[in-house]
Amino acid sequence: MDEVEGVINGTYDYTQLKGDTGPLVYPAGFVYIFTALYYVTNHGVNIRLAQYLFAVFYLLTLLLVFRIYHRTKKVPPYVFFFVCCASYRIHSIFVLRLFNDPVAMMMLFGAVNFFLDGRWTLGCGLYSLAVSVKMNVLLFAPGLLFLLLSEFGLMRTISKLSLCAAIQLLLGLPFLMENPIGYMTRAFDLGRQFMFTWTVNWRFLPEWLFLSRYFHLVLLATHLLALLLFALRRWKRPEESIMELLKEPGKRVLLAQKRTSDQMVLILFTSNFIGMCFSRSLHYQFYVWYFHTLPFLLWSGGVKKLAHLLRVLILGLVELSWNTYPSTIYSSAALHLCHLIMLLSLWIAQPPARQGEKAKSQ
């Protein structure tokens, strides 16, 4: 409320906007949404009403997530109990802390629903709006780029990306006109330094290593390498070539086969999950970035003998790690262990074409 109050009072220079928690570091979409909340809640005073509104956001998010799970039919119904009722941390992030992370993720899941319905333009527009609320949604961008190239080829993908860029430009225009460098460096700061005090995932490291730029570069390189390997070996069908994906579907040597709903969701959710695995730091409110995707990822892994009970156990360990405050060496190590098991399970899952061939042969 302090941050958006500065905008309401006529300050459009992002370098001058700040609140009790620090400077404004979110894109312009955040400003507009929380300005609306500012007026609805009597200048931020009516906290109870804000909590009711965020409870509605929570229910809408669940509705959008359940629709995705219904379309993919990957996860057994009993798992929805854990998605709804078993996370104190998620309930806290939504209706107690009132962060902007839930708003961004609600929009993201809405965009995924549009993608599954084949409404790519609307989906890209809503995706860009989600990015304008919080930049973490960009973790889905590599997967979305791959899907757009698969679906449309290079030229039509550029038009979809241009729409996303135009939305960002339009939303940020008042701030770009005042101080373009200030807006870009604050709202899309990729080099922001995180505090060791709040890290959930790297508590077992010494603080000097956690703060090291070399460590950050290693994580970035590993992140990009993991994305590249998954794109080439798991997202792309064995018979496809990257150069073919750049062509329009009708001009490709091999007739483009439409990806199923679960394949599309798997690519998007895996892209985000890889980003979480190699993040420089995860804070408690970041749990909402991937909480609702975890069951889908666990039940999409390639380890057939990974029993239902073990999958639920991993969900429980992840939840326990995020609910340990302050984080400890053991909680952060357990979180990384769960991430590693899930990532390896996703890696050994067969590519889409091979799954289809296997089903055909049976």
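If you're wondering where the values come from, they're calculated on a predicted model, not measured in any experiment.
Taken from CG in Leu169 to OG in Ser128, the straight-line distance is 10.5 Å, to the nearest 0.5 Å. A distance of 6.5 Å separates CZ of Phe194 from OG of Ser279, quoted to the nearest 0.5 Å. Atom CD of residue Gln285 and atom OG of residue Ser92 lie 10.0 Å apart, to the nearest 0.5 angstrom.
Contact of the Arg280 side chain with the His223 side chain is not registered, since no non-hydrogen atoms from C-beta on lie closer than 4.5 Å. Counting only heavy atoms from C-beta outward, the side chains of Arg119 and Asn113 never approach each other to under 4.5 Å. When side chains are defined from C-beta on, Phe210 counts as touching Ser281, because their heavy atoms get closer than 4.5 Å. Contact of the Leu116 side chain with the Val265 side chain is registered, since non-hydrogen atoms from C-beta on lie closer than 4.5 Å. In this structure, the side chains of Leu98 and Leu53 stay at 4.5 Å or more apart for every pair of heavy atoms. No side-chain heavy atom of Val218 sits less than 4.5 Å from a side-chain heavy atom of Tyr214. The closest side-chain heavy-atom distance from Phe109 to Thr293 is below 4.5 Å. Counting only heavy atoms from C-beta outward, the side chains of Glu248 and Phe152 never approach each other to under 4.5 Å.
One side chain, Thr260 or Asp262, offers a donor N or O that lies under 3.5 Å from an acceptor on the other.
The ring of Phe115 has its center closer than 6.0 angstrom to the ring center of Trp120. Taking the centre of each ring, Phe94 and Phe54 stay at or above the 6.0 Å mark. Within the 6.0 Å centre-distance limit, the rings of Tyr69 and Phe80 are counted as a close aromatic pair.
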Given ring pair (Phe, Tyr, Trp, His ring centres under 6.0 Å), test His283 with Phe286 step by step and report yes or no. CA-CA 5 Å; His283 295 177; Phe286 297 177; 5.1 Å; yes

Going by atom type alone, with no hydrogens or angles, which donor-acceptor pairs under 3.5 Å involve a side-chain atom of residues 101-108 and a protein atom two or more places apart or on another chain?
from   : atom 1 : to     : atom 2 : distance (Å)
Asp101 : OD1    : Lys134 : NZ     : 3.3
Asp101 : OD2    : Lys134 : NZ     : 2.8
Asp101 : OD2    : Trp289 : NE1    : 2.8

Considering only distance and modelled atom types, tabulate donor-acceptor pairs under 3.5 Å from the side chains of residues 332-341, sequence neighbours left out.
from   : atom 1 : to     : atom 2 : distance (Å)
Ser332 : OG     : Phe204 : N      : 3.4
Ser332 : OG     : Thr328 : O      : 3.0
Ser332 : OG     : Ile329 : O      : 3.2
His336 : NE2    : Asn201 : O      : 2.6
His339 : NE2    : Tyr290 : OH     : 2.8

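Among residues two or more places apart in sequence or in another chain, the salt bridge (Lys or Arg N to Asp or Glu O under 4.0 Å) test is passed with Arg71 by Asp117.
Among Tyr284, Trp322, Trp202, Trp198, the one residue that satisfies the side chain to side chain contact (heavy atoms under 4.5 Å, CB included) test with Ser327 is Tyr284.
The environment of Ile181 atom CD1 is sparse: at most 12 non-hydrogen atoms of other residues, nucleotides or ligands sit within 6.0 angstrom.
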